[in-house]
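Written below as structure tokens is the structure these notes are about.
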Amino acid sequence: MSGVRALVLILAVALLLVPGSRASRETSHCGPFLLVQLPSLGTLSWRTVTQGQTIRHGLEYRPTPSAATTDVRLVVDGEVVAKRRVDEQTARFSPVRARRQVVKLSQHTEPGTLRASIEIDFKPGVTYTYCYPYLPPGLTITLLPRS
């Protein structure tokens, strides 16, 4: 009978350990939250995905309805990691772990080309706040007039 008790005790301890390891694999999402609305171009939103200790941020561009075709590029660590050409559909980029992400927009119309560059800074150490729409990441926006 003591062998059965030992087996039950071992199983009980194993079950107590399993939820902890499972919790570290669980994924939680928050967002998307509005980041910025640019005249004639559209809106940019962010979302945060956490899995254990890993935190990633994804961006989403939604063009202004009835606007011209817009070329969208996501730049991370100085490299273009994604490109989209959008008319009315949303460009949703996969979440990445990088602190800084840059979205470059270029819209070509008859009057000229409208360009924007939006640098998003997800500062480390305050990532928990990025799950609230009223505490957005840092932004640097450059909007160039039609040329």
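Linking ILVMFWY side-chain heavy atoms closer than 4.5 Å, directly or via other members, places Val102 and Val80 in a single hydrophobic cluster. The cluster map of Ile, Leu, Val, Met, Phe, Trp and Tyr, joined by side-chain heavy atoms under 4.5 Å apart, puts Phe93 and Leu34 in different clusters.
Heavy-atom minimum distance, Leu135 versus Trp46: O-CZ2, 4.3 Å. The two residues Val76 and Gln101 come nearest to each other via the heavy atoms CG2-CG, 4.2 Å. The nearest pair of heavy atoms linking Arg47 to Ser94 is NH2-CA, 4.1 Å. Of all non-hydrogen atoms in Asp121 and Pro137, the two that sit nearest each other are O-CB, 3.4 Å.
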Working note: His57 + Ile55, criterion side-chain contact (heavy atoms from CB on, under 4.5 Å); need CA distance, chi angles, decisive distance, verdict.
CA-CA 7 Å; His57 306 286; Ile55 300 169; 3.8 Å; yes

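Note: Phe122 and Tyr130 have perpendicular aromatic rings, judged against thresholds of 30 and 60 degrees for the angle between ring planes.
Taking the side-chain contact (heavy atoms from CB on, under 4.5 Å) definition, one finds that Leu139 meets it with Leu35, Val36, Ile118, Ile120, Ile141, sequence neighbours left out. Contacts of Arg62 classified as salt bridge (Lys or Arg N to Asp or Glu O under 4.0 Å), with partners at least two apart in sequence or in another chain: Glu60.
Atom CZ of Arg92 has 12 or fewer heavy atoms from other residues, nucleotides or ligands within 6.0 Å. Annotation for Gln89: atom CD counts as buried by contact number, over 12 foreign heavy atoms lying within 6.0 Å. Heavy atoms from other residues, nucleotides or ligands lying under 6.0 Å from CZ of Arg146 number more than 12.
A salt bridge (charged side-chain N to carboxylate O under 4.0 Å, His left out) with Asp71 holds for exactly one of Arg85, Lys104, Arg84; it is Arg85.
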